[in-house]
Every structure is written in C-alpha cells, then in structure tokens.
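For ligands, and for the atoms within them, numbers begin at 1 and follow the listed sequence.
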Amino acid sequence: MAAGEEECAPSTASSCKPGSKLTFRAPQQPYTYQDFAYGRLLGMGSYSKVVRAKKKDSGAEFALKIMDKKHITKENKVAYVKMERLILDHLDHPGVVRLFFTFQDTHNLYMGLECCHGGELFDQIRRKGRLSLEEARFYAAEIVDVLEYIHGQGLIHRDLKPENLLLTADGHIKVADFGSAKVTTPLQNGLSDAQADDKSCTFVGTAEYVSPEVLNGHPVTIGADLWALGCIIYQMLEGRPPFKGGSEYLTFQKVLAKDLVIPSHFPSAAKELINKLLNLEPDKRPGAGPAGYAALKSHAFFSGIEWLKLRQSAAPGLAPSPSSQGGGNGAESDDSENSDWDLAHLGGRVSRLDVSDASSPMSSSNEPSSPSAVLASAARLLDENVHEPWQKFLFEGETILASSRVRKFRKLSVKKRQLILTDRPRLFYVHPIKLVFKGEVPWSRDIYVRVENDLKFCICTPKRTYNLEDTKGQARVWKESIEKLVNAK
Ligand SMILES: Nc1ncnc2c1ncn2[C@@H]1O[C@H](COP(=O)(O)OP(=O)(O)OP(=O)(O)O)[C@@H](O)[C@H]1O
C-alpha cells in the first residue's frame with residue numbers, strides 16, 4: 001500500500017465502504033516513539049496526553065497526542081478518535097491545528113500535530129484575570145473566521161471552549177479537539193456522520209458552553225457553536241463563563257433558563273452581541289440566519305477588524321506562565337535551545353511533567369523507580385502545607401503522597417474535603433476542619449481519573465464516580481498522581 005493510503009477498517013467511524021482505500025494528507029507512518037525526543041507535557045485531555053516532541057532525524061517539532069488504546073476502548077472513545085483524525089486530515093485553515101502524521105504501537109495511538117506554543121486561551125484568561133476589549137475582540141474575530149470555515153465545510157465542532165482554543169507562539173488562535181464534531185455534509189474523504197453511535201441528539205460538549213437546544217435533545221446545528229462563542233466572549237471580558245452553577249446540574253438549569261447577568265462594565269456592543277449569540281432560538285443567532293456570517297462579521301463589536309488581514313496582524317501579547325516568567329514573548333517556556341529533549345529530562349522533573357506511565361512504551365529506565373519517589377514531588381506540588389493534621393488518619397509506616405483541599409460534589413450537595421493519597425495505596429477524604437474521617441475511594445487497578453479542566457476532575461471506580469474540584473486548579477496533577485500509582489508494578 002502506498003504511503004498515505006490506508007485500508008478502511010470495517011469498524012471505522014466514517015461511512016467509507018470496508019476495504020476501500022482512503023488517501024490521507026497526514027499519513028500513518030511507520031514511526032516508533034523512540035524516533036522522537038520529548039519535551040514538556042503540553043496538556044492532558046480526558047483520553048490523551050499531549051507532549052512536545054522533536055523528530056530525532058529531522059529536528060522537526062510537533063505536539064504529539066498520545067492515546068492509550070486500552071483506555072480509548074474502555075471509554076468507548078474509538079469513534080471520537082477516528083472522527084478527529086479524519087476531520088483534522090481534511091481541514092486546511094490557519095485557524096485549525098494541523099495534523100501531520102499518525103502512528104501506533106501495541107499500547108498507544110499517536111497523532112503528530114502542529115505545536116501551539118502559546119498554550120490555551122483558557123490560561124490567558126486565567127492569568128490576565130479578564131481580557132481587554134481589544135484582546136477579546138481580536139480573539140473573537142479569529143474564532144469567527146475559523147468557525148465560518150469549519151461550518152462552511154459542513155462541520156459543527158460541538159465542544160468549543162477556551163481549553164480547546166490554542167495559541168501559536170505569536171498569539172494567533174487555533175481550534176483543536178475535533179473528537180466531538182458532527183459532520184452535516186459528507187466530506188471529500190468520504191467522512192459522513194454515519195457513526196454507529198449517532199451523537200446528533202445526545203449531549204456532547206462541556207456544561208458551561210452547551211446550548212439549551214442540545215440540552216433539550218434537539219438536533220444540533222451550527223447555532224450550538226455560536227452559543228459557545230457567546231459564552232467565550234463573555235468569559236474573555238469577565239474572567240468566568242456566563243453560566244456556572246455549583247454542579248453540572250445547576251449549570252444546566254442556568255443555561256436552560258438563560259439565567260444570565262451581563263456585567264455593566266461590558267461595552268454596549270459586547271452586551272448586544274453576547275445577547276444575540278445567546279438567543280434561545282439557534283437560528284436567530286448571528287451567523288446562523290439567512291444572512292450567514294455577514295450578519296456576525298458586520299456587528300458593531302467587530303468594528304475596525306480587517307477580516308482578510310487577521311492572520312497577518314499583530315495578536316495580543318501573551319501572559320507568560322508563572323514558571324516561565326521573566327523571558328520571551330509569553331509563549332510557554334522550555335524552548336528548544338535550552339531544553340534537553342530526552343527522556344531523562346522528563347524523568348528528572350516532577351511527576352506532573354512525567355508523561356510516561358508504567359504500562360506504556362514511554363517508560364524509561366531513566367524514570368525514578370519507586371512510585372513514592374515519583375510522587376513525592378507531586379505531593380509537594382499539590383499541597384504546600386505540611387501533612388501534620390492528617391497524620392492521625394495514617395497506619396504505621398504509611399506516607400502521604402498527595403493531599404489537597406477539594407470540593408466534593410454528590411447529587412445537589414457540595415462538601416469541602418481534604419483528599420489524601422498514600423503509598424499504601426489509599427485514597428480517602430476527611431473533614432478539613434473537624435478532622436473527621438469521611439470516606440474512602442476503594443482502591444483497585446481499575447481506577448482512573450477524568451480531567452474536565454484545571455479545577456474539575458472525576459475519580460472513576462468500577463462502582464462509583466467521585467466528582468471533585470481541586471481549589472488550587474491541580475486536577476491534572478491528581479490524575480497523574482493517582483494513575484501513576486495504579487500503574488505502578
Ligand atoms: N497542538 C497542540 N499544541 C499544544 N498543546 C496542545 C495541542 N493539542 C492539544 N494540546 C494540549 O493538550 C490538551 C488536551 O488535548 P485535546 O483537547 O486534543 O485532548 P482530548 O483528550 O481530546 O481532550 P478532551 O478531554 O477535551 O476531549 C489541550 O487542552 C491543550 O492544552
């Protein structure tokens with residue numbers, strides 16, 4: 001079979017006929033993970049790790065998205081992965097993250113993506129508190145520009161949120177994560193939405209950005225992405241999303257009721273646009289009506305935007321991550337001149353940056369050997385406080401590996417708890433003030449952690465899912481810490 005051609009597997013998510021040949025712009029390559037040197041962890045998704053990687057022979061740099069095959073199968077995400085691969089292969093726009101190649105080995109699937117050094121828009125909002133009108137206008141315009149393209153290609157993203165809007169080193173927006181996308185018109189590569197699990201009427205997306213019609217089970221239209229755009233513009237200007245309850249359920253109630261307060265400091269054009277985008281009727285949102293995108297692009301909020309020169313114009317400056325303060329343009333640190341680009345470099349860092357796990361080919365003899373050694377650093381990261389108050393809950397010889405204050409959600413209640421992970425291993429929570437033992441997450445090799453964003457995460461056990469929020473935004477560190485221990489031999 002020629003490079004770039006792949007046989008269409010019978011179970012593929014696309015509608016192509018089994019046995020027919022697909023030609024990919026981003027071919028499946030015979031690479032192995034040893035063909036790359038690795039830099040820092042760029043991000044964690046619910047079923048992937050994304051790490052900076054450099055091809056050893058060419059020096060070309062990528063964001064390598066690594067997906068554990070077992071996890072994907074267990075989580076029923078096979079269709080999502082295939083969908084994302086086919087869509088990224090098809091899309092060709094400066095505002096969409098480019099896919100260059102894929103490869104696989106026994107444990108993992110890999111996607112070689114264009115690396116977005118500026119990180120997530122989510123982090124820019126968090127670091128700056130809120131964005132200025134000019135910054136918000138620029139980012140919103142770039143999002144509109146790329147949405148017009150995506151919708152014009154017959155696709156609906158369905159999970160637009162600041163975590164999926166990445167930034168290049170010079171601060172331009174790139175949309176990522178097309179795993180939840182819906183195809184409304186079959187693509188040239190044969191992809192249609194004839195997925196086994198037709199998701200057109202099911203809830204897909206993230207609570208804070210999901211539109212009311214999706215919650216009501218109506219078929220999704222491009223209006224769903226325009227609703228999310230309204231939420232994102234609000235969040236850029238205010239620092240938090242417009243609909244946010246104490247739990248997912250309460251967030252949904254706010255969305256359904258359009259329980260919205262637009263802050264008085266918003267300029268009137270912003271207020272008006274947000275209100276229009278958050279119209280309860282999807283086809284009344286600007287961009288979704290008969291006038292198409294012209295109605296959106298000509299709105300007063302975008303006055304002064306030169307739509308055809310957006311990508312050539314100077315983007316807002318990036319706020320650096322706290323760890324890279326003091327140098328550069330705000331793009332994430334660990335630049336190629338200074339970093340080691342090898343596995344020892346990964347293993348030498350705290351577990352947050354250690355993207356390998358014991359069962360994957362990313363494991364290396366350079367890694368600290370004992371789980372405690374790896375996790376000791378994570379524990380420091382999670383909680384600067386001494387572990388003194390929690391000692392009374394430990395068995396003799398038991399050591400705390402990680403501990404931090406969390407909010408624990410169950411049904412409609414929210415409780416403050418201290419979550420504690422030990423080397424036994426044990427994972428339990430206590431009342432942080434009364435110092436009373438409150439419960440334990442039964443430990444098993446089937447535990448895994450789903451990260452929703454920096455704050456929110458779920459610890460999933462075969463019998464129960466624990467919905468938690470780390471008040472210091474260390475959800476990803478919890479995932480790394482717990483799963484590292486689960487996978488430890
Ligand atoms: N090309 C890239 N360049 C830089 N960072 C990236 C890139 N792609 C992904 N990331 C980082 O990795 C994170 C997870 O990636 P992605 O959203 O694609 O994973 P996922 O498993 O599909 O996630 P989700 O849980 O949102 O479905 C992103 O939020 C981002 O921080």
Novice: Between Arg98 and Glu114, does a salt bridge (charged side-chain N to carboxylate O under 4.0 Å, His left out) hold up when you go through it step by step?
Specialist: CA-CA 5 Å; Arg98 172 92 190 258; Glu114 167 185 14; over 6 Å; no
Novice: Applying salt bridge (charged side-chain N to carboxylate O under 4.0 Å, His left out), run through Glu483 and Lys479 and close with a yes or a no.
Specialist: CA-CA 6 Å; Glu483 292 187 354; Lys479 180 178 170 72; 3.1 Å; yes
Novice: Show me which atoms of ligand 1 lie under 4.0 Å from any heavy atom of Asn164.
Specialist: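 Heavy-atom distances to Asn164 below 4.0 Å select 17 (O), 26 (O).
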Novice: Can you report which non-hydrogen protein atom sits closest to atom 3 (N) of ligand 1, along with the distance?
Specialist: Cys116 N, 3.0 Å
Novice: So which bit of Glu120 gets within less than 4.0 Å of ligand 1, heavy atoms only: side chain, backbone, both or neither?
Specialist: side chain
Novice: Atom 7 (C) of ligand 1: which of Ile72, Leu166, Leu64, Leu99 has the nearest heavy atom?
Specialist: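 It is Leu166 that holds the nearest heavy atom.
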Novice: Write out the residue and atom name of the closest protein heavy atom to atom 11 (C) of ligand 1, then the distance separating them to 0.1 Å.
Specialist: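 That would be Gly43 CA, 3.8 Å.
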Novice: Ignoring angles and geometry beyond distance, decide whether Glu163 reaches within less than 3.5 Å of ligand 1 through its nitrogen or oxygen atoms.
Specialist: yes
Novice: What part of Lys65 sits under 4.0 Å from ligand 1 if we count only heavy atoms: the side chain, the backbone, both or neither?
Specialist: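 Looking at Lys65 and ligand 1, just side chain atoms fall under 4.0 Å.
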Novice: Output the list of atoms in ligand 1 that are nearer than 4.0 Å to some heavy atom of Val97, sorted by atom number.
Specialist: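 So the atoms of ligand 1 that pass are 1 (N).
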Novice: Please state which protein non-hydrogen atom is closest to atom 10 (N) of ligand 1 and give its distance, to 0.1 Å?
Specialist: Val50 CG1, 3.7 Å
Novice: Starting from atom 1 (N) of ligand 1, locate the nearest protein heavy atom and write down its residue, its atom name and how far away it is, to 0.1 Å.
Specialist: Glu114 O, 2.7 Å
Novice: Check the pair Trp443, Thr461 against side chain to side chain donor-acceptor pair (under 3.5 Å), reporting the backbone distance first and the verdict last.
Specialist: CA-CA 8 Å; Trp443 191 264; Thr461 72; over 6 Å; no
Novice: Could you give me the CA-CA distance, side-chain angles and deciding distance for Glu142 and Lys174, then say whether salt bridge (charged side-chain N to carboxylate O under 4.0 Å, His left out) is met?
Specialist: CA-CA 9 Å; Glu142 288 209 330; Lys174 297 233 177 214; over 6 Å; no
Novice: Could you find the nearest protein heavy atom to atom 27 (O) of ligand 1 and give me its residue, atom name and distance?
Specialist: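 Looking only at protein heavy atoms, the one closest to atom 27 (O) of ligand 1 is Asp177 OD2, 3.0 Å.
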Novice: Among all protein non-hydrogen atoms, which one is nearest to atom 19 (O) of ligand 1, and what is the separation to 0.1 Å?
Specialist: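 Minimum-distance protein heavy atom for atom 19 (O) of ligand 1 reads Ser48 OG, 3.1 Å.
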Novice: I want to check a possible cation-pi pair here: Arg158 against Tyr209, using under 6.0 Å from ring centre and within 45° of the ring axis as the test.
Specialist: no
Novice: Please identify which of these residues, His151, His157, Arg285, meets the side chain to side chain donor-acceptor pair (under 3.5 Å) condition with Asp225.
Specialist: His151
Novice: Suppose we measure from atom 23 (O) of ligand 1 to each protein heavy atom; which comes out shortest, and what is that distance?
Specialist: Gly45 CA, 3.3 Å
Novice: Of the side chain and backbone of Leu42, name the one, both, or neither that has a heavy atom under 4.0 Å from an atom of ligand 1.
Specialist: both
Novice: For the residue pair Lys161 and Leu165, establish whether any side-chain heavy-atom pair is separated by less than 4.5 Å.
Specialist: no
Novice: Which label fits Phe36 and Phe101: parallel for a plane angle under 30°, tilted from 30 to 60°, or perpendicular past 60°?
Specialist: parallel
Novice: Measure up the Phe103 and Tyr110 rings against each other and bin them: parallel (under 30°), tilted (30 to 60°), perpendicular (over 60°).
Specialist: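 Phe103 and Tyr110: parallel rings.
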Novice: Relative to the heavy atoms of Ala63, which atoms of ligand 1 are at a distance of less than 4.0 Å?
Specialist: 1 (N), 2 (C), 3 (N)
Novice: Testing Lys254, Lys244, Arg240 one by one against Glu208 for a side chain to side chain donor-acceptor pair (under 3.5 Å), which residue passes?
Specialist: Lys244
Novice: Pick one of side chain, backbone, both or neither for how Val451 approaches ligand 1, counting any non-hydrogen atom pair under 4.0 Å.
Specialist: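 Answer for Val451: neither.
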